[in-house]
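Below is one structure, written out as structure tokens; comments come after it.
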Amino acid sequence: TAGIQRLHLDGREVNLRQRRQRQELEADDARQDDRQHQQRCRYRTLDEWCGWTHCLAAPSGLAAPSLLRRWCSPLAAPSAPAPAPAPAASSDAPAKKVSWFQLLKYRQTWAFAFGKFMTDGVWWFFLFWLPTYLSAQYGMKGEAIVLPLAVLYSMTMVGSIGGGWFPSYFMARGYAPYDGRMKAMLVIAFFPLVVLLAQPLGAISYWIPVLLIGVGASAHQAWSANIFTTVSDMFPQKSVASVIGIGGMAGGLGGVLLTKLGGWVFDYYKTVNDIRTGYMIMFGICALAYLAAWVVMKALVPRHKEITDL
């Protein structure tokens, strides 16, 4: 009997040792998988970031040093979630809804809508018609257009960032926010005038119109960075989104009309074998659109007037 009990105990010890070994192996496998997962999260392979969008390579390259530093840095330990903020005291009366028809009574709404109507189409014209322009004027096809497009998109980043900073230059010199923004937009509106030189100087090299159109497209981004903020300068928070929606609709209509106009102009001048004149007309419209928009916006809202009766 004692021998049988001893054999039974020995068998249990063997089973326990085998079970502990299996658990240790499973734990090792889990730790190895976790290390591999962390390694994949820390380092990105090149094929994850390269694809067919070659024209985005140049703008992305500008941010490469900071992105590489971020990707190659060790993963930070997850921080504890911040405590949820205390709920704001709710007002007894719900916020009153503002209809679009009510917003259309204000000059400020029409100023923003007209600014979008006049300028949004210019942006889409530059982007959509540039490949066709390079093909018609210089016979460029396929991958030959990729580098000019990459350069143009890279230039627009300068306008986006610089346009957001520019009004602060005037505000630091004593201008009110709206006045500083309008003065910045006036300066920005002069930059697209260089597009008027795209056709006269285009005989030198195709890079001349590409760079000049890039200046115009960059100016549009700077303009957009400011025109949206004119709404929040004048309207209460509850109506900002509605006014921007009205302006977005106006900008869409302006884009449709300018695109249709470009198609009609180009079709006509192709029939008379003078497509250069067609592009000169369209570039002239695009170059002057921002100054025209600014003049009308300033005429509708000569000085800052905040809406307080909504």
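One-based numbering along the sequence shown.
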**OP:** Flag the pair Y106 / S239 as yes when at least one side-chain heavy-atom distance between them is below 4.5 Å, and no otherwise.
**Re:** no
Subject >> S99 side chain vs Q102 backbone, donor-acceptor pair below 3.5 Å >> reply: yes
Original post:
Do the ring centers of Y133 and F283 come within less than 6.0 Å of each other?
Top reply: yes
**OP:** Indicate, with yes or no, if Y153 and W207 share a hydrophobic cluster defined by side-chain heavy-atom contacts under 4.5 Å among Ile, Leu, Val, Met, Phe, Trp and Tyr.
**Re:** yes
Subject >> Verdict with supporting geometry, Y178 and R303, side-chain contact (heavy atoms from CB on, under 4.5 Å) >> reply: CA-CA 8 Å; Y178 177 79; R303 60 186 61 86; over 6 Å; no
Subject >> Joint hydrophobic cluster, L104 plus M249, side-chain heavy atoms closer than 4.5 Å >> reply: yes
Subject >> Expected output: side-chain W294 to main-chain V187 donor-acceptor under 3.5 Å >> reply: no
Original post:
Mind checking whether F112 and T230 have side chains closer than 4.5 Å, heavy atoms only?
Top reply: yes
**OP:** Give a yes or no on whether the backbone of K305 and the side-chain of Q108 come within a donor-acceptor separation of less than 3.5 Å.
**Re:** yes
Subject >> Pairwise distance CE(M185) to CG(L291) - rounded to 0.5 angstrom >> reply: 11.0 Å
Original post:
Between D120 and G248, is there a donor-acceptor pair closer than 3.5 Å when you use the side chain of the first and the backbone of the second?
Top reply: no
Subject >> Residue pair P167 / N226: nearest heavy atoms and the distance that separates them >> reply: CG-OD1, 2.6 Å
Original post:
Minimum heavy-atom separation for P131 to I145, with atom names?
Top reply: O-CD1, 3.9 Å
**OP:** Hey, could you give me the OH/CG distance between Y290 and L186, rounded to the nearest 0.5 Å?
**Re:** 14.5 Å
Subject >> Shortest non-hydrogen contact between W223 and A189, atoms and distance >> reply: CZ3-CB, 4.2 Å
Subject >> CA sep, side-chain torsions, deciding dist, call: L134, T132, side-chain contact (heavy atoms from CB on, under 4.5 Å) >> reply: CA-CA 6 Å; L134 294 176; T132 305; over 6 Å; no
**OP:** Give a yes or no on whether L152 and I204 share a hydrophobic cluster (residues Ile, Leu, Val, Met, Phe, Trp, Tyr; joining criterion: side-chain heavy atoms under 4.5 Å apart).
**Re:** yes
**OP:** Provide the closest heavy-atom pair for L193 versus A287 in the form atom of the first, atom of the second, distance.
**Re:** CD2-O, 3.5 Å
**OP:** Mark yes or no for whether S232, through its side chain, and F228, through its backbone, hold a donor-acceptor pair below 3.5 Å.
**Re:** no
Original post:
More than 12 non-hydrogen atoms from neighbouring residues, nucleotides or ligands closer than 6.0 Å to OH on Y206, yes or no?
Top reply: yes
**OP:** In sequence, state the C-alpha distance, the side-chain angles, and the governing distance for L261 and I285, and then conclude on side-chain contact (heavy atoms from CB on, under 4.5 Å).
**Re:** CA-CA 10 Å; L261 176 62; I285 294 173; 3.7 Å; yes
Original post:
What closest approach, in Å, do T119 and A289 show between heavy atoms, and which atom pair accounts for it?
Top reply: CG2-O, 4.4 Å
Subject >> Donor-acceptor pair, side chain of S154 and main chain of A150, under 3.5 angstrom >> reply: yes
**OP:** Using a 4.5 Å cut-off on heavy atoms from C-beta on, say whether the side chain of L212 contacts that of L196.
**Re:** no
Original post:
Any side-chain heavy atom of P200 sitting closer than 4.5 Å to one from M280?
Top reply: yes
Subject >> Spatial distance of atom CD1 (I227) from atom CE (M297) [nearest 0.5 Å] >> reply: 4.0 Å
Original post:
Just by modelled atom types, is the G214 backbone N or O under 3.5 Å from a matching donor or acceptor in the S218 side chain?
Top reply: no
Subject >> Spacing of K105 atom NZ and I307 atom CD1 [to the nearest 0.5 Å] >> reply: 12.0 Å
Original post:
In terms of heavy-atom contacts, does OH of Y175 have more than 12 from other residues, nucleotides or ligands at under 6.0 Å?
Top reply: no
Subject >> Distance in Å, Q199 CD paired with R276 CZ, rounded so as to fall on 0.5 Å steps >> reply: 4.5 Å
Subject >> Aromatic ring proximity, centroids under 6.0 angstrom, F114 and W110 >> reply: no
Original post:
Is there a chain of hydrophobic side chains (I, L, V, M, F, W, Y, each step under 4.5 Å between heavy atoms) that links L253 to W264?
Top reply: no
**OP:** Please check if the side chain of T156 supplies one atom and the backbone of A217 the other of a donor-acceptor pair under 3.5 Å.
**Re:** no
Original post:
When clusters are formed by joining ILVMFWY residues with side-chain heavy atoms under 4.5 Å apart, either directly or through shared neighbours, do I161 and V151 land in the same one?
Top reply: no
Original post:
Using the benzene-type ring in the case of Trp, are the ring centres of F266 and Y279 under 6.0 Å apart?
Top reply: yes
Original post:
With no hydrogens and no angle check, is any side-chain donor or acceptor of H304 less than 3.5 Å from a backbone partner on P177?
Top reply: no
Original post:
Under a 4.5 Å cut-off applied to non-hydrogen side-chain atoms, are L258 and M282 in contact?
Top reply: yes
**OP:** With the side chain counted from C-beta on, respond yes when L130 and P148 share a heavy-atom pair under 4.5 Å apart, and no when they do not.
**Re:** no
Subject >> Heavy-atom pair with the smallest gap, counting every atom of G262 and W129 >> reply: C-CZ2, 4.5 Å
Subject >> Heavy-atom side-chain contact between S135 and K141 under 4.5 Å >> reply: yes
Original post:
Between L211 and M155, is a side-chain contact (heavy atoms from CB on, under 4.5 Å) present by the stated rule, with each step listed?
Top reply: CA-CA 8 Å; L211 294 176; M155 294 176 67; 4.0 Å; yes
Subject >> Distance, nearest 0.5 Å, that separates CZ of F125 from NE2 of H220 >> reply: 14.0 Å
Subject >> Residues, nucleotides or ligands: over 12 heavy atoms within 6.0 Å of K260 NZ >> reply: no
Original post:
With a 4.5 Å heavy-atom cut-off, do I275 and Q137 have their side chains touching?
Top reply: yes
